[in-house]
Peer 1: 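After the structure tokens below, expect a handful of questions from me.
Hydrogens, waters and symmetry mates are skipped; everything else that's a heavy atom, side chains included, is used. Residue numbering restarts at 1 for every chain, and letters A, B, ... go by the order of the sequence lines. The structure presented is a predicted model; accordingly, all values stated were derived computationally and were not measured.
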Amino acid sequence: MKILSKDKVERVLDKLAESAEVFVPLSRANSSGFYSWKTRNPEKEQLMLETLNVYLSPKNVGFPQTEKMYSIIQSGTEAQIKETFEDSSPRIIFGLRACDARAIRCLDDVFLTRGYEDSFYKARRDNMVLIGQACYEPGPNCFCQAMGVDPLEPEVDIVIRDCGDKGYIWETKTPKGEELTTSISNLLEEKELKAPEAKAFQTQVDYEGVAEKLKGMFEHPIWEDLSSNCQNCGICTYVCPSCHCFDIQVKSWGEEGYRFRCWDSCMYGEYTAEAGGGNPRPTTKERFRNRFLHKLEFFSERYGYPLCTGCGRCIVACPTGINIVNIINEVKEASVDV
Amino acid sequence: MSDKCSCEQPLVPTVVEVVDIQDETPDVKSFYCRLSEGGVPFNVAPGQCAMVSYLPVGEGMFSCTWQEGQEYLQFAIKKVGLLTDELHAIEVGQKLGVRGPYGNGFPVEECKGKDMLFIAGGIGLAPLRSFIKYCFKHREDYGKITIVYGSRSYADLCFKEELFNEWPAIKDTEVYVTIDNPEEGWDGHVGFVPAYVEEINPNPQGVIAVTCGPPIMIKFVLQSLEKMGYSDDQVITTLEMRMKCGIGKCGRCNIGSEYICLDGPVFTLTQLKQLPQEW
Ligand code: SF4
Ligand code: SF4
């Protein structure tokens, strides 16, 4: 089997960064996320391959928080689309975990299927290679397995498995991965290593049957109760690797301008406000309910699996302690009159 | 061209020119748009929508009327906010962006052989009108056509020429018009649309009812139809709420697991009743 020894990791990243933007988990400003290897500050920022989930997910690599779509010129009655900005430059995400890889599959299903391919997402995604890392020791807020994700088999092009001091097992899964492996094969070794034993999950939750049960719980009093502490700050949607809602806005000055899209949040009132003044989700309760039903029921109905990948980020980030695991448990226990 | 956008860049508009603008009411204008070189950027089926983009201002989803052989797309747009205010201020010759068409459209084929009952309020006549015009173009394929339409006042009635002159003259067609409050010079019906429908009381036998208008009107019309014996399969409505991307990606127009822009905006009452009551 192929092995990447730990002292060669940086050389591999340097090599990959010659022909692609390589995003790796890094510490940055008391926080962490996936950032460019090439433009990191090596004095201050550490590679965080050992940390399970860095604070921010790699969602922005394929779906940037704000993204220019096209530029426009309007002068009097004349108007013109000047240029569109699909970005097909090569990108690699190195070291993402199974939950974040699953989230990319969610984004793929949203942006690339059901009748329309989003050209901006597609340009990035077609030129992206995923190098995922298997998890043998789930963290305190991890519950990916309960959401149907296998932490040992991230859905990626290449899987690396941390075998301690001896290095990483390097497993190539797809033709895209094959090409990348070939390009750095001189930095890999041939030797046999045994992957570690997988440890048990600390967070246990049973999602079985929840999507079906939620079908009958739209009007359930539980939503009033569960949402009562929510501040509608939207943090949970920003840190979530699979939340994909966006807004389209314009920036213009004089005769020029451009349209861009940016992440939006279903937790905000403006999100569903209509030009005529109506709003089908006027209060926290309706917005909160929609977020959790989208994650746990609606997406499953449409795509066959939930939109929550069990990464635990929203649990860590929520300022008022709202916890999706508790919500699943409460739904499980709730009594529903039939 | 098909009536589904198959373009490579579904979020990027095509530039069209406004070739005519008509005042429909004090706050509704019709905009006629076509490519500068002539023709339309895409075909639109009855009940589908398209995104109109006033390039530096914003985009909005509007129901769009087009018929085979027609050289322009027509949008009837009501002034309700920032974008529509700006659109109402433009003049003939203005270039705009459009993208689409979006949505499922009306089941025009399935309705063939049926009598049609169209019930609309205010600007809600705009989407129904594309279906009404389709029926008239294929007049032999449909039975009796009944149109019930109301607005706040006489001035607020859209498409008056068609409503009072063209449509009533077509064979086997009845047009009923009402306004909310009595008004000098108006000797037609006064009252709200749902009550007027009950008064007319069209027999449900072999009829498909199609309704669109303000949400509150739709709710009462649905109740009236139920009272008159219409089954949920006989009732169709169109919901044009809060669409943004138009292609089922941006998230905001969902009702349960359905996206209005993709799976709607046209639903039968049977379908609507299976969705969470969030419309
Ligand atoms: S992070 Fe917590 S408080 Fe903020 S919107 Fe999400 S659930 Fe509500
Ligand atoms: S909902 Fe929370 S736990 Fe689930 S994928 Fe999003 S951030 Fe992670």
Side-chain angles (χ1 to χ4, degrees), chain A residues 69-70 72-74 76-81 84 86 110-111 114-122 215 218-219 243-259 261 264 266 271-281 286 289-290 293-294 297-303, chain B residues 4-18 51 53-60 78-84 90-97 102 123 214-215 240-242 244-259 262-263 274-279:
Chain A
M69 300 167 81
Y70 52 88
I72 51 203
I73 303 182
Q74 166 144 351
T77 57
E78 283 307 307
Q80 197 188 323
I81 312 280
T84 62
E86 277 94 353
V110 168
F111 286 113
R114 304 303 189 275
Y116 295 95
E117 285 187 343
D118 181 297
S119 57
F120 300 95
Y121 183 79
K122 187 172 162 50
K215 258 184 211 199
F218 190 78
E219 304 289 1
C243 271
H244 60 79
C245 295
F246 61 85
D247 193 9
I248 298 175
Q249 290 290 344
V250 72
K251 174 141 186 64
S252 64
W253 58 96
E255 295 180 343
E256 290 189 56
Y258 59 84
R259 280 262 152 73
R261 72 165 158 205
D264 201 349
C266 58
Y271 176 72
T272 48
E274 289 159 21
N279 193 339
R281 292 183 207 129
E286 293 87 28
R289 173 176 65 189
N290 185 69
L293 290 181
H294 187 204
E297 179 202 344
F298 303 154
F299 192 88
S300 295
E301 284 169 17
R302 207 172 172 85
Y303 298 99
Chain B
K4 188 136 199 130
C5 158
S6 59
C7 45
E8 307 234 301
Q9 298 172 306
L11 293 177
V12 182
T14 304
V15 173
V16 291
E17 185 178 336
V18 177
M51 188 66 94
S53 138
Y54 188 20
L55 289 174
V57 181
E59 297 187 304
K78 186 181 161 105
K79 231 172 136 150
V80 291
L82 212 68
L83 170 69
T84 50
I90 66 171
E91 284 170 14
V92 169
Q94 179 65 52
K95 302 269 173 68
L96 298 174
Y102 300 124
I123 187 71
E240 276 144 49
M241 315 138 77
R242 60 184 197 268
K244 191 102 202 182
C245 73
I247 59 176
K249 321 267 186 225
C250 82
R252 61 174 56 53
C253 75
N254 77 301
I255 304 181
S257 62
E258 305 277 298
Y259 283 107
L262 213 55
D263 310 305
Q274 282 159 10
L275 298 176
Q277 298 303 295
E278 211 173 46
W279 44 276

Peer 1: Please check: side-chain N/O of R252(B) versus main-chain N/O of F246(A), any donor-acceptor pairing under 3.5 Å?
Peer 2: yes
Peer 1: Do the side chain of H244(A) and the main chain of G251(B) share a donor and acceptor less than 3.5 angstrom apart?
Peer 2: no
Peer 1: Side chain from CB out, backbone as N, CA, C, O: work out which of these in E256(A) comes under 4.5 Å of a heavy atom of chain B, or both, or neither.
Peer 2: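 Neither; nothing under 4.5 Å.
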Peer 1: Could you look at F111(A) and say if it's the side chain, the backbone, both or neither that has a heavy atom under 4.5 Å from chain B?
Peer 2: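 Both backbone and side chain.
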Peer 1: Do we see a donor-acceptor contact under 3.5 Å between the side chains of Q9(B) and T84(A)?
Peer 2: yes
Peer 1: Do L11(B) and R261(A) touch side chain to side chain, with heavy atoms closer than 4.5 Å?
Peer 2: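 Yes, at least one pair of side-chain atoms sits under 4.5 Å.
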Peer 1: Which atoms of N290(A) are under 4.5 Å from chain B, going by heavy atoms: the side chain, the backbone, both sets, or neither?
Peer 2: side chain
Peer 1: Between V57(B), I90(B), L83(B), which shows the greatest number of heavy-atom pairs under 4.5 Å with chain A?
Peer 2: V57(B)
Peer 1: Answer yes or no: is there a side-chain heavy-atom contact under 4.5 Å between P56(B) and W253(A)?
Peer 2: no
Peer 1: How many angstroms lie between OH in Y116(A) and OH in Y102(B), if you round to the nearest 0.5 Å?
Peer 2: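 Those atoms lie 6.5 Å apart.
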Peer 1: Could you tell me if Q94(B) and E78(A) have a donor-acceptor pair between their side chains, going purely by distance under 3.5 Å?
Peer 2: no
Peer 1: Check whether any side-chain heavy atom of Y54(B) sits under 4.5 Å from a side-chain heavy atom of Q74(A), and report yes or no.
Peer 2: yes
Peer 1: Do the non-hydrogen side-chain atoms of S53(B) and R259(A) ever get within less than 4.5 Å of each other?
Peer 2: yes
Peer 1: Flag the pair V12(B) / F120(A) as yes when at least one side-chain heavy-atom distance between them is below 4.5 Å, and no otherwise.
Peer 2: yes
Peer 1: Below 4.5 Å from any heavy atom of chain A, which atoms of P214(B) appear? Answer side chain, backbone, both or neither.
Peer 2: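 For P214(B), there is no contact with chain A at all, as no heavy atom is under 4.5 Å.
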Peer 1: Under a 4.5 Å heavy-atom cut-off, does chain A meet the side chain of V18(B), its backbone, both or neither?
Peer 2: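 Contact with chain A: none, neither part.
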Peer 1: Answer with side chain, backbone, both or neither: which region of I248(A) has an atom nearer than 4.5 Å to a non-hydrogen atom of chain B?
Peer 2: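 It is both, since atoms from each part get that close.
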Peer 1: Which one, G248(B), G60(B), G81(B), G93(B), leads in non-hydrogen pairs under 4.5 Å with chain A?
Peer 2: G93(B)
Peer 1: Nearest 0.5 angstrom please: F299(A) CZ to N254(B) CG, how far?
Peer 2: 12.5 Å
Peer 1: Less than 4.5 Å to any heavy atom of chain A: does that hold for the side chain of E59(B), its backbone, both, or neither?
Peer 2: both
Peer 1: Which heavy atom of E301(A) sits nearest a heavy atom of S257(B), and at what distance?
Peer 2: OE1-OG, 3.0 Å
Peer 1: Under a 4.5 Å heavy-atom cut-off, does chain B meet the side chain of E219(A), its backbone, both or neither?
Peer 2: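 For E219(A), side-chain heavy atoms alone lie under 4.5 Å from chain B.
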Peer 1: Is a side-chain N or O of K95(B) found less than 3.5 angstrom from the main chain of T77(A), in a donor-acceptor match?
Peer 2: no
Peer 1: With only heavy atoms counted, which part of V250(A) is less than 4.5 Å from chain B, the side chain, the backbone, both or neither?
Peer 2: side chain
Peer 1: With rounding to the nearest 0.5 Å, note down the distance linking SG in C250(B) to CG in D264(A).
Peer 2: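 Result: 8.0 Å between the selected atoms.
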Peer 1: So, taking the atom named CD1 in I81(A) and the one named CG in L55(B), what distance separates them when rounded to the nearest 0.5 Å?
Peer 2: 5.0 Å
Peer 1: Rounded to the nearest 0.5 Å, how far does CZ of R114(A) lie from OH of Y259(B)?
Peer 2: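 Y259(B) OH to R114(A) CZ: 11.0 Å, rounded to 0.5 Å.
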